[in-house]
Amino acid sequence: QVQLVESGGASVQAGESLRLSCAVSGFPYRPFYMAWFRQAPGEEREGVATIDRLGRPTYADSVKGRFTISQDSAKNFLYLQMNNLKPEDTAIYSCAADTHGTTPYEARLGPRAYNYWGRGTQVTVSS
């Protein structure tokens with residue numbers, strides 16, 4: 001059974017850092033892409049960062065230079081290191097997996113590219 005389970009969300013002050021984790025299990029083969037998305041109240045789901053099988057990342061402009069996506073060597077965990085957090089980063093963060101690998105590169109940060117999702121973890125940043 002495929003499972004994506006996020007952890008690490010918290011309430012922090014602006015300028016602080018957090019590291020989110022996503023425990024990945026049950027896939028019969030490695031997903032083509034893994035990603036982090038976020039959704040703030042009343043907003044659409046936004047792609048934050050993706051990583052491919054070779055470890056190559058892609059970031060949304062809003063987080064470039066502040067967030068880093070990574071995986072452990074065994075590919076059992078997906079991470080999102082978030083530095084210099086801002087109030088506008090407040091959202092539920094979810095990890096996602098793409099086992100089809102057919103979405104064009106330019107659509108990698110779109111939710112339609114992903115067919116497995118975790119339930120999310122809350123990140124709240126206060127000013």
### Task
For residues Arg108 and Thr103, determine if any side-chain heavy atom of one lies less than 4.5 Å from a side-chain heavy atom of the other.
yes
### Message
Is there a side-chain contact between Tyr105 and Thr50 in this structure, where contact means two heavy atoms from C-beta onward sitting under 4.5 Å apart?
### Response
no
### Check: Thr90 side chain, Val125 main-chain N or O, donor-acceptor pair, under 3.5 Å
yes
### Task
Compare every heavy atom of Leu4 with every heavy atom of Tyr116, then report the nearest pair and how far apart it is.
O-CD1, 3.5 Å
### Query
Which atom names give the shortest non-hydrogen contact between Ser94 and Glu6, and what distance separates them?
CA-OE2, 3.2 Å
## Note on the structure
Heavy-atom nearest pair, Trp36 first then Tyr79, reads NE1-O, 3.1 Å
### Query
With the 4.5 Å side-chain cut-off for hydrophobic clustering, are Val12 and Phe67 part of the same group?
yes
### Query
Where do Val48 and Val63 land on the side chain to side chain contact (heavy atoms under 4.5 Å, CB included) test, with the steps shown first?
CA-CA 7 Å; Val48 173; Val63 305; 3.9 Å; yes
## Note on the structure
One should read off an interatomic distance between Asp52 CG and Arg30 CZ, to the nearest 0.5 angstrom, of 9.0 Å
## Note on the structure
Distance col, row Asn76:CG vs Gln71:CD, nearest 0.5 angstrom, shows 9.5 Å
### Task
Report yes if the side chains of Phe27 and Gln3 come closer than 4.5 Å at any heavy-atom pair, otherwise no.
no
### Task
With rounding to the nearest 0.5 Å, note down the distance linking CG in Leu80 to CD1 in Ile51.
10.5 Å
### Ser21 OG to Leu78 CG distance, which is reported to the nearest 0.5 Å
8.5 Å
### Message
Measuring from atom CZ of Arg19 to atom CD of Gln81, what distance do you get when rounded to the nearest 0.5 angstrom?
### Response
7.0 Å
### Message
A cation-pi test, strictly: NZ or CZ of Arg53 under 6.0 Å from the centre of the six-membered ring of Tyr33 and no more than 45 degrees from its axis. Yes or no?
### Response
no
### Message
Using every non-hydrogen atom in the two residues, find where Ser127 and Gln13 come nearest and quote the distance to one decimal.
### Response
O-OE1, 3.6 Å
#### Entry: Closest non-hydrogen atom pair between Asn115 and His100, with its separation
ND2-NE2, 3.4 Å
### Summary
salt bridge (charged side-chain N to carboxylate O under 4.0 Å, His left out) filter on Glu46, not counting sequence neighbours, yields Arg38
### Query
Are Tyr114 and Thr99 side-chain neighbours, meaning at least one heavy-atom pair lies under 4.5 Å?
no
### Query
Does any non-hydrogen side-chain atom of Phe77 lie less than 4.5 Å from one of Cys22?
no
#### Entry: Donor-acceptor contact present, side-chain Asn84 to main-chain Arg66, <3.5 Å
no
### Message
When you compare the side chain of Met82 with that of Leu20, does any pair of heavy atoms fall below 4.5 Å?
### Response
yes
### Query
Can you tell me how far OG of Ser70 sits from CE of Met34, rounded to the nearest 0.5 angstrom?
11.5 Å
### Message
Treating Thr121 as the side-chain partner and Gly9 as the backbone partner, does any N or O pair qualify as donor plus acceptor under 3.5 Å?
### Response
yes
### Query
Is the count of non-hydrogen atoms from other residues, nucleotides or ligands lying under 6.0 Å from Glu106 atom CD greater than 12?
yes
### Query
Closest heavy-atom contact between Thr68 and Tyr59?
CA-OH, 3.3 Å
### Query
Quick one: side chain to side chain donor-acceptor pair (under 3.5 Å) partners of Ser25, sequence neighbours excluded?
none
### Short N-O contact, Asp89 and Lys86, less than 4.0 angstrom
no
### Query
Any side-chain heavy atom of Pro57 within less than 4.5 Å of one from Ile69?
yes
### Message
If hydrophobic clusters are built from ILVMFWY residues whose side chains come within less than 4.5 Å, do Val2 and Val24 share one?
### Response
yes
